[in-house]
Amino acid sequence: MESIVQWIETQIGIPQSLQGQIFRTLFIIIIISIIYRFVRKLLYRTIEDSKTYYRAKKSIGYAFVAIAFILVGRVWFQGVQSLTTFLGLFSAGLAIAMKDVVMNIAGWLYIIWKGPFRVGDRIEIADVSGDVIDIQLFSFALLETRSWIKADQSTGRIVDIPNVMIFNQPLFNYSKGIPFVWDEIPIYLTLESNWKKAKKILEEIAGRYGETISERAEESIKEASRKFMIYNAKLYPKVYTSIDNENGITLTIRYMCSYRNRRDSSANIYEEVLDSFKNHEDIEFAYPTQRVYDRPREKKDNYNKI
């Protein structure tokens, strides 16, 4: 063993004292890695719930990283008796050399401590929306929604976002506080349609779909108002009337739904509207049309009527 140490010192130029520190560092990392893998397998065998296993695995991983960090630091800083002094010197040097890395770690600490979102929440940040599926030391992962897919459904892509983005980008959390969103469905009718009858039908349909959600939303608002300045707004569905130069009369259904079921709820409402309107001859859907105007004939016909 001594011959190997001397050979490394003469051929590579690494002093014996430095070699000892390197070997001890590698030994610590290998032992901790073996123990961590053993503990992770033990958790996998004993914990059946996937969410509980995920959280336990992440907590154990962070604990082993902290232990390795302290033990390796003691190897390289044996003269520094105070752990606080060692952490201060290490952080100062790291902040200068690896600013982005440090900011990502600071973002991770903020996410863990403040909790702006958790695994399983649906969020939107930096024009990217999706469900949080993992939170790591340097980044967090989203299962993307929207993009080319409508109505907040998943695209199947996984997006990694640096933790530092939490400090310089607005964050929208669909799951925190009130897990419901407002949705609007425009229904276009011709100007000749009986819009009052159509509006009454739409109000009945929206009421059936929105009544249960509105009651649950009120309970969520009462709970969230203890933490946030939220007032109890009107949450029940409503139908608004407007006139569109291109489409005729527009009846807009505004209702509240779960952010995960927006497409399903709108599809159900559309289908019921189609079934209801087909039984009324005085209600017609408006759609883009073109009219050909023959001025000589129109003028002649009008003249004959006079």
Side-chain angles (χ1 to χ4, degrees), residues 29 32-69 91 94-95 97-181 183 220 224 227-228 257-264:
I29 293 175
I32 289 181
S33 299
I34 294 173
I35 297 175
Y36 170 69
R37 291 188 177 186
F38 173 78
V39 172
R40 191 174 64 179
K41 289 182 179 180
L42 184 63
L43 291 175
Y44 182 78
R45 293 176 181 176
T46 56
I47 301 177
E48 296 181 357
D49 184 65
S50 59
K51 291 184 178 180
T52 305
Y53 168 74
Y54 171 82
R55 293 171 182 171
K57 183 184 70 172
K58 299 295 287 188
S59 300
I60 294 296
Y62 294 144
F64 273 91
V65 170
I67 293 172
F69 178 79
S91 300
L94 199 63
M98 306 177 68
K99 178 181 177 182
D100 292 339
V101 174
V102 173
M103 290 301 296
N104 283 325
I105 295 176
W108 172 77
L109 291 173
Y110 176 81
I111 293 171
I112 298 300
W113 172 61
K114 188 66 176 179
F117 59 82
R118 298 177 298 177
V119 173
D121 286 358
R122 176 165 296 180
I123 67 171
E124 180 179 347
I125 186 171
D127 296 328
V128 179
S129 65
D131 297 323
V132 181
I133 58 176
D134 192 18
I135 300 175
Q136 299 180 358
L137 190 62
F138 301 109
S139 64
F140 57 92
L142 301 181
L143 183 61
E144 185 190 36
T145 58
R146 295 186 185 176
S147 189
W148 67 88
I149 303 296
K150 296 182 179 179
D152 296 335
Q153 288 192 315
S154 173
T155 65
R157 299 191 301 185
I158 295 178
V159 185
D160 287 319
I161 299 179
N163 291 334
V164 69
M165 300 294 285
I166 196 71
F167 294 129
N168 50 40
Q169 292 290 335
L171 173 68
F172 304 90
N173 193 325
Y174 291 73
S175 307
K176 195 173 185 178
I178 308 172
F180 304 98
V181 294
D183 191 22
S220 299
K227 186 175 182 180
F228 306 101
C257 63
S258 170
Y259 66 88
R260 295 188 183 275
N261 299 320
R262 190 162 72 91
R263 192 166 199 174
D264 290 336

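Just the heavy atoms: all of them, side chains too, but no hydrogens, waters or symmetry mates, feed the values below. Since the structure is predicted, the reported quantities are computational estimates derived from the model, not experimental observations.
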Least distance between heavy atoms, [X] atom then [Y] atom:
| X | Y | answer |
| --- | --- | --- |
| Q169 | A126 | OE1-CA, 3.9 Å |
| S175 | G120 | OG-O, 4.4 Å |
| G156 | S154 | N-OG, 3.1 Å |
| D160 | A141 | OD1-CB, 3.4 Å |

Could you pull out all residues at least two apart from N104 that satisfy side chain to side chain donor-acceptor pair (under 3.5 Å)?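 With sequence neighbours excluded, N104 shows a side chain to side chain donor-acceptor pair (under 3.5 Å) to no residue whatsoever.
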Excluding sequence neighbours, so at least two apart, what forms side chain to side chain donor-acceptor pair (under 3.5 Å) with D134?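 Testing D134 for side chain to side chain donor-acceptor pair (under 3.5 Å), a comparison that skips the adjacent residues, returns Y54, K58, Q136.
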I'd like to check [X] versus [Y] (side-chain heavy atoms, cut-off strictly below 4.5 Å). Are they in contact?
| X | Y | value |
| --- | --- | --- |
| I166 | F117 | yes |
| R263 | I149 | yes |
| S147 | R157 | yes |
| Y110 | V164 | no |
| L142 | D131 | no |

R118: what forms a salt bridge (charged side-chain N to carboxylate O under 4.0 Å, His left out) with it, not counting sequence neighbours?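 With neighbours one apart ignored, the set is empty.
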If you apply the rule side chain to side chain contact (heavy atoms under 4.5 Å, CB included), what do you find for W108 with F140, and how did you get there? CA-CA 9 Å; W108 172 77; F140 57 92; over 6 Å; no
[atom1]-[atom2] distance between [X] and [Y], expressed to the nearest 0.5 angstrom:
| X | Y | atom1 | atom2 | value |
| --- | --- | --- | --- | --- |
| I32 | F64 | CD1 | CZ | 7.5 Å |
| D183 | R262 | CG | CZ | 5.0 Å |
| I29 | I34 | CD1 | CD1 | 12.0 Å |
| I158 | T155 | CD1 | OG1 | 9.5 Å |

Test of understanding: with side chain to side chain contact (heavy atoms under 4.5 Å, CB included), list the residues that count as partners of V159, not counting sequence neighbours.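 Scan of V159 (side chain to side chain contact (heavy atoms under 4.5 Å, CB included), adjacent residues dropped) gives V128, E144, I161.
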Should R146 and D152 be marked as a salt bridge (Lys or Arg N to Asp or Glu O under 4.0 Å) after you check the CA-CA gap, both sets of side-chain angles, and the distance that decides it? CA-CA 5 Å; R146 295 186 185 176; D152 296 335; 2.6 Å; yes
Would you find more than 12 non-hydrogen atoms of other residues, nucleotides or ligands less than 6.0 Å from D127 atom CG?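 Result for CG/D127: open.
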Is the count of non-hydrogen atoms from other residues, nucleotides or ligands lying under 6.0 Å from I133 atom CD1 greater than 12?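 Above 12, so yes.
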Would you say the side chains of S129 and Y174 form a donor-acceptor pair under 3.5 Å?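 Side chains of S129 and Y174: no pair found under 3.5 Å.
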Are T145 and Y259 close enough, and set up right, to give a side chain to side chain contact (heavy atoms under 4.5 Å, CB included), and what steps lead you there? CA-CA 11 Å; T145 58; Y259 66 88; over 6 Å; no
Can you check whether P116's main-chain N or O pairs, donor with acceptor, with N173's side chain at less than 3.5 Å?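 Checked: pair present.
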F138: partners by ring pair (Phe, Tyr, Trp, His ring centres under 6.0 Å), with sequence neighbours left out: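 With neighbours one apart ignored, the set is empty.
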Name each donor-acceptor pair under 3.5 Å that joins a side chain in residues 37-47 to protein atoms two or more places apart or in another chain, with its distance.
unit_1	atom_1	unit_2	atom_2	d
T46	OG1	L42	O	2.8
T46	OG1	L43	O	3.4

Does I105 form a side chain to side chain contact (heavy atoms under 4.5 Å, CB included) with N163? I'd like the steps, not just the answer. CA-CA 7 Å; I105 295 176; N163 291 334; over 6 Å; no
